[in-house]
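On a predicted model such as this, the values are computed, not experimentally measured, just so you know. Side-chain atoms are counted along with the backbone in the values below, which use heavy atoms only and exclude waters and symmetry mates.
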Amino acid sequence: MPPPPSVDPKHAPFPTKQLIIIGICRFSEPLAFNSILAYSYVMVKDLGIHEKDAAFYSGLLLSAYAIAEAITALGWGAISDVYGRKPVALVGLAGVALSSIAFGMAKTYWVALLARFIGGALNGNVAIMQTMVAEMVTNPDHEPRAYATQPFVWTLGGIIGSAMGGFLAQPAKYYPHVFSHEGIFGRYPYLLPNLVAAIGIVMAIIQGMLFLEETNPGVKEEDTSAIEEVNERTPLHQRPRQASTVSTLRSGRHRSLSIVEGLRQIRKKPSFMEDGMPMPIDQTFDIRRSSFATIHSITLPRHEILPSFMIGPPRRTFNFTIIMVTLALTLLAYHQMAYITLLPVYLLDDVIAPGIDFQGGLGLDLHDVGTFLAVNGFIALFIQGVIFPFFVEKIGVWRSFVSMIVLYPTTYLIVPFISALPDALIDPAVYMSLILQGFFGIIVFPCALILLKNATPSPLVLGRVNGAAMSACCLARTLSSPLVGWIYAEGGSAAAWFSLAFVAFLGIVQLFWVPNELGGGKVRIENGLKEALHPHHHEHHHPIERDIDEVAVED
C-alpha cells in the first residue's frame, strides 16, 4: 500500500477528535485529585490522627502525591520517549485508579499516605499529555487553541471532583436510607468518591485504548518507514527522530532543516517537571506556548528582548529579572496552594469560641465544603473566560501584575473574622473570599508568566527557564500544605491565615526588585466573547510564536 502523501503543516486540519479523546483522559484525573480536598481533614481524624495534629497530617496527605510525581516525572518522560506516549499515559491513568481504590479503603493513615504516594509515582500524565497535544498539533496556527483547552478541561473535572468529595464521602452518615452502616460503604466511608473516580478513569482508559493515537514520532513505525525523503516541508510528526532533534540541528547534520523547525521542536519538548496538585484551576504552565496557564491565547508584542535566533555566544539565561519573577511566582504558588488546602480544614473545624474565633473553624459539614469548592470552580471559569481578557487588555500586564499582588493579602486577612458574622452572612463571606482569591490568582499568575517569557534572552532557553520556574513553584506548593497545617495545629486558625497574609505581604515587598521590562507594549488575548463584540478589531496582529516559527535560514 503506497504511503499517504505528506501534508504541509500549514494546511493540516485541527485534530478535534484526538483532542477530545485526550481531553477525556485529562478530565478523569482531577475527579480523584480534587475530591480529596473536601474530606481529607475529617478522614485523617477518622484514621486515628489526633484532632490537634489533623491539619498538618491532612496537608501532608495532599502533598504526598506531588512529591512522588516530582520524583518520577523525568523517568516517565524518558520511558515515553522510548516506548511511546500512549502506553505511559494509560498506565498513569491505571495507577491513579488503583491508588484511588486503595486510598478509599485505607484503615490507617500511613496506608492512605502510601496510596497517595504510589499514585503520584505511577502517574506521569500531566507532562505526557501536554507533550501529546504538542505532537498532534502540526499546524502552528492551531497551537494556541489546542493548548488553551487543557486548563478548561482540568477546571471542569475539578468542579465535579470537588462536588463528589463533598457529597459522596461518608455516605452511610448522610444517606442512611441508601447505604447501611454495616455495608461496605459504612465500613469504608471514603471509598465511594474514590470508586466513582476510578470508574470514570477506567472508562477513560478504555476509550484511550480504542481511539487514542500514538504521537511519539520515534514509535510510529508506519510514519518513519513511509517517508522516503525528509526535507524542510516534511511534517514534524512524520520525521525520523534523528532528523528532528536539537542535537542534530546543533551538530550541523541535515543542514536543510531551518531554524524554525529546530525552535518549534525545542518548544515541543516536555517541561522539566509538571505538577498535578489539586488546584481550583490547573496551574501547570509552559512559557513556550501562548496560553500562559489560561484558557486563552495571549499574543505578545514583538520585541528585541526575545530574538528569533541566537547569534554568537548566548547571553546569561538566568538574569536578574528572571530570578525576581521566578521568586514572585514561588511566593504566589505557596500561598495559593496553602489557601485551597487550608480552607476546607477551616470550614470543617469545630467552633471553639463564640464571636471572633481565632482558634477554631466554622463547624460546617462535608456537603457545605463540596458546594463551596464546586462553586469555586465555576468562579474560576467565569473569571478566566469573561473577566481576564478584558481586564488585562485594558489595565495592561504590568499594572495587573502589581495591583493583584498588592491587594492579595486582603484575601487572607478577612477569613479569620468570618466567624464573627451572623449565620446568614457566613456563606456570602466565604464566597467573597473565594472570589477574591480566584480573581487575584487568575489575573496575576499569567501576567507573571508573560513577564518571565519577556525576560528570557532567547527561545533556545525557554524550556530551561520554564523548568526552573515550575520546579520552584512545585516545591512551594508541596511544602505549603503541611507547613500551613502545622501552623494551624500549633497556633490556631487565625495564625495560619495570618501566615499566608505575611507571605503575600512579602510578595509586595519583593515587587521593589522586579524590573518592568515590558515598557508600553500591549498584549492581545483571543477570546470568543471579545471577538464577537469586536470582530475586526485585532485582525492584523500576529503572535510572537508565529514570528519565531517563520524565521528561515538564509544562506
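For F320, there are no ring pair (Phe, Tyr, Trp, His ring centres under 6.0 Å) partners two or more places apart in sequence or in a different chain. With sequence neighbours left out, F211 forms a ring pair (Phe, Tyr, Trp, His ring centres under 6.0 Å) with no residue at all. With sequence neighbours left out, I387 forms a side-chain contact (heavy atoms from CB on, under 4.5 Å) with F382, I383, F391, F439. Listed by chain and residue number, nothing satisfies the side chain to side chain donor-acceptor pair (under 3.5 Å) test with S162 (two or more places apart in sequence, or in another chain). For D357, the side-chain contact (heavy atoms from CB on, under 4.5 Å) criterion is met by V351, I352, A353, Q359, S419, not counting sequence neighbours. Qualifying ring pair (Phe, Tyr, Trp, His ring centres under 6.0 Å) partners for F378, counting only residues two or more places apart in sequence or in other chains: none. Residues passing the side chain to side chain donor-acceptor pair (under 3.5 Å) test with S35: none are found, sequence neighbours excluded. Evaluation of the side-chain contact (heavy atoms from CB on, under 4.5 Å) rule for L479 yields L475 as partners, not counting sequence neighbours. Residues satisfying the ring pair (Phe, Tyr, Trp, His ring centres under 6.0 Å) test with F14, not counting sequence neighbours, are H142. Every residue two or more places apart in sequence or in another chain that forms a side-chain contact (heavy atoms from CB on, under 4.5 Å) with V503 is listed here: L331, Y334, H335.
Counting heavy atoms from C-beta on, the side chains of I199 and M203 come closer than 4.5 Å. By the 4.5 Å heavy-atom criterion applied to side chains, F388 and I443 are counted as neighbours. Taking the side chain as every heavy atom from C-beta outward, Y408 and Q336 approach each other to under 4.5 Å. In this structure the side chain of Y346 reaches within 4.5 angstrom of the side chain of V415, judged on heavy atoms. At a threshold of 4.5 Å between non-hydrogen side-chain atoms, the residues L451 and W398 count as touching. Looking at heavy atoms from C-beta onward, I159 lies in side-chain contact with L381 at the 4.5 angstrom threshold. Looking only at side-chain heavy atoms (C-beta outward), C447 and V392 come within less than 4.5 Å of each other. Considering only heavy atoms from C-beta on, I414 stays 4.5 Å or farther from W497 through its side chain.
Minimum interatomic distance between G208 and I21 (heavy atoms only, all atoms of both residues): CA-CG2, 4.5 Å. Residue V369 comes nearest to A38 through the heavy atom pair CG1-CA, 3.7 Å, listed as atom of the first residue, atom of the second, then distance. Of all heavy-atom pairs between A163 and A374, the closest is CB-CB, 4.1 Å.
How far SG of C473 is from CG of L332: 8.0 Å, rounded to the nearest 0.5 Å. Going from atom CZ of F372 over to atom CD1 of I379 covers 10.0 Å, rounded to the nearest 0.5 Å. In this structure, the separation between CD1 on I67 and SG on C474 is 9.0 Å, given to the nearest 0.5 Å.
Residues E135 and R85 are paired through a salt bridge, judged by an N-O separation under 4.0 Å between the basic side chain and the carboxylate.
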I'd like a table of donor-acceptor pairs (distance under 3.5 Å, sequence neighbours excluded) in which one partner is a side-chain atom from residues 426-433, with atom names and distances.
unit_1	atom_1	unit_2	atom_2	d
S433	OG	Y339	OH	2.8

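N319 places a side-chain N or O within donor-acceptor distance of the main-chain N or O of A455, the cut-off being under 3.5 Å. Remark: the backbone N or O of M324 is paired with a side-chain donor or acceptor of Q510 at under 3.5 angstrom. With hydrogens and angles ignored, the 3.5 Å screen pairs no side-chain donor or acceptor of Q18 with any backbone N or O of M136. Listed for the R399 side chain is a donor-acceptor partner under 3.5 Å among the backbone atoms of I395. Looking only at distances, no side-chain donor or acceptor of K86 sits under 3.5 Å from a matching main-chain atom of T215.
Between the side chains of S40 and S58, at least one donor N or O sits under 3.5 Å from an acceptor N or O. Y190 and Q170 form a side-chain donor-acceptor contact under 3.5 Å, judged by distance and modelled atom types alone. Using modelled atom types, one finds no donor on one side chain facing an acceptor on the other under 3.5 Å when comparing D365 with Y174.
Here side-chain hydrogen bond (donor to acceptor under 3.5 Å, both in side chains) pairs that include residues 320-333, with residues two or more places apart or in two chains, are T321-E517.
Crowding of F505 atom CZ: a count of heavy atoms from other residues, nucleotides or ligands under 6.0 Å not exceeding 12.
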